[in-house]
Amino acid sequence: MPSPETLILTEHEGVVRVTLNRPAVMNAISRQMADEFADTLLALQQRKDVRALVLHGAGGNFCAGGDVKGMHKAGPRGVGEAREGMARYLRMTKALRDFDRPVIAAADGVAFGAGFSLLLLADMVLLGERARLSMVFGRVGLIPDCGALYTLPRVVGVQRAKEIVFSARELHATEAHALGLAMEVLTSDALLDRATAIASSLCYASPLALASAKGILDQSLNCTLDDLLEQEADAQAMALASDYHREAVNRFTARKPPLFAWPGSVGDA
């Protein structure tokens with residue numbers, strides 16, 4: 001289990017909420033947090049009862065990025081030592097990237113640096129109206145990490161990604177939504193409930209179909225159509241043969257309520 005000084009885990013009917021819990025430093029990612037976050041994801045990956053993940057930050061902010069002050073206290077580092085230190089952040093990044101169930105990020109307040117990068121690794125991002133995003137790395141002479149140089153241009157395009165990275169400027173929630181970086185913008189009060197409702201609904205979808213679709217979509221921009229069609233055919237064959245599919249079809253033909261239904265938008269009657 002992670003230390004409560006870094007991460008808080010809460011579980012309810014298949015949904016696990018992972019709360020980054022260093023509010024005094026706007027949930028900046030320390031070495032301990034990076035290690036424990038990776039360990040937590042790898043452990044949850046092994047549990048079949050975990051169906052969806054909600055990623056959240058304590059104290060009104062999502063994540064201020066890497067713990068720059070903590071790194072500075074450690075003193076100057078050579079290239080080799082710095083490269084070894086990056087290994088824990090690479091491990092965290094890969095653990096989140098490879099998590100094969102839906103990851104819903106609910107971010108309010110600051111999502112800077114690696115915090116912004118973590119959002120880009122989620123399957124769906126919901127932002128509070130107060131949210132501010134920034135690839136802040138350039139302000140301290142660094143480049144984006146935690147995979148952002150890969151994920152960001154795939155969302156906003158290469159030219160806009162360069163502008164966001166080079167400028168290190170802040171994007172407010174409405175602009176982030178317009179650029180496709182967020183699926184919805186909500187009030188701070190509604191943010192976590194909405195993320196939880198989406199995650200809870202996905203618990204009733206086919207785990208096999210979700211994992212297959214997620215895996216193929218994540219590779220779709222790096223493979224040919226022919227390669228994708230082969231992956232699609234293999235995955236669809238397994239889905240067609242699944243108990244979940246048979247039950248869903250039986251319910252459809254019997255005019256029973258479906259196993260899975262997406263929750264309506266906030267404010268819907």
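All residue numbers refer to positions in the sequence shown, counting from 1.
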[Y] reachable from [X] in the ILVMFWY side-chain graph, under 4.5 Å edges:
X	Y	result
Ile29	Leu20	yes
Phe260	Ile104	yes
Val16	Met33	yes
Met26	Leu191	no
Phe116	Phe166	yes

What is the minimum heavy-atom distance between [X] and [Y], and which atoms define it?
X	Y	value
Ala64	Val110	CA-CG1, 3.9 Å
Phe62	Ala106	CD1-O, 4.0 Å
His177	Met183	NE2-O, 3.3 Å
Ser242	Leu208	CB-CD2, 4.2 Å
Pro102	Leu210	CG-CD1, 3.8 Å
Phe137	Ser117	CZ-OG, 4.1 Å

Enter the distance from [X]:[atom1] to [Y]:[atom2] here, rounded to the nearest 0.5 Å.
X	Y	atom1	atom2	answer
Glu129	Thr174	CD	OG1	9.5 Å
Cys63	Asn27	SG	CG	6.5 Å
Leu90	Cys146	CG	SG	8.0 Å
Leu96	Asp123	CG	CG	8.5 Å
Leu181	Leu127	CG	CG	8.0 Å
Arg88	Thr93	CZ	OG1	12.5 Å

For residues [X] and [Y], determine if any side-chain heavy atom of one lies less than 4.5 Å from a side-chain heavy atom of the other.
X	Y	value
Leu53	Leu41	yes
Val18	Phe37	yes
Leu192	Leu126	no
Met86	Asp145	yes
Ile164	Leu152	yes
Val155	Leu120	yes
Ser134	Arg139	yes
Leu44	Thr40	yes

> Are there more than 12 heavy atoms of other residues, nucleotides or ligands under 6.0 Å from atom CZ of Arg251?
Replying inline: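 Count over threshold, so yes.
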
> More than 12 non-hydrogen atoms from neighbouring residues, nucleotides or ligands closer than 6.0 Å to NZ on Lys214, yes or no?
Replying inline: yes

Between the side chain of [X] and the main-chain N/O of [Y], is any donor-acceptor distance below 3.5 Å?
X	Y	value
Arg51	Ala205	yes
Arg17	Leu9	no
Asn250	Arg246	yes
Ser200	Ala197	no

>> Thr10 vs Thr19, test: side chain to side chain contact (heavy atoms under 4.5 Å, CB included). Steps then yes/no.
In response: CA-CA 8 Å; Thr10 54; Thr19 302; 5.5 Å; no

Quick one: do the [X] and [Y] side chains pair a donor with an acceptor below 3.5 Å?
X	Y	result
Thr6	Gln32	no
Asp35	Tyr89	no
Asp67	Ser30	no
Arg132	Asn61	no
Asn21	Glu5	no
Asp193	Thr196	no
Glu36	Ser3	yes

> Where do Asp100 and Gln45 land on the side-chain hydrogen bond (donor to acceptor under 3.5 Å, both in side chains) test, with the steps shown first?
Replying inline: CA-CA 7 Å; Asp100 68 354; Gln45 176 72 39; 3.0 Å; yes

>> Using the rule given for side chain to side chain contact (heavy atoms under 4.5 Å, CB included), can you reason through Arg22 versus Val25, listing the C-alpha separation, both sets of side-chain angles and the distance that settles it, and then say yes or no?
In response: CA-CA 6 Å; Arg22 301 184 73 217; Val25 290; 3.7 Å; yes

> Does NZ or CZ of Arg97 come closer than 6.0 Å to the centre of the six-membered ring of Phe99, within 45° of the ring's axis?
Replying inline: no

> Given Arg91 and Asp39, is the salt bridge (charged side-chain N to carboxylate O under 4.0 Å, His left out) satisfied, shown in steps?
Replying inline: CA-CA 9 Å; Arg91 181 169 173 265; Asp39 290 343; 2.5 Å; yes

> Between Tyr150 and Leu121, does a side chain to side chain contact (heavy atoms under 4.5 Å, CB included) hold up when you go through it step by step?
Replying inline: CA-CA 10 Å; Tyr150 178 92; Leu121 291 166; over 6 Å; no

>> What I want to find out is whether Arg169 reaches Glu175 closely enough, with some N-O distance under 4.0 Å, to be called a salt bridge.
In response: yes

> Are Met124 and Leu119 close enough, and set up right, to give a side chain to side chain contact (heavy atoms under 4.5 Å, CB included), and what steps lead you there?
Replying inline: CA-CA 8 Å; Met124 299 176 188; Leu119 293 184; over 6 Å; no

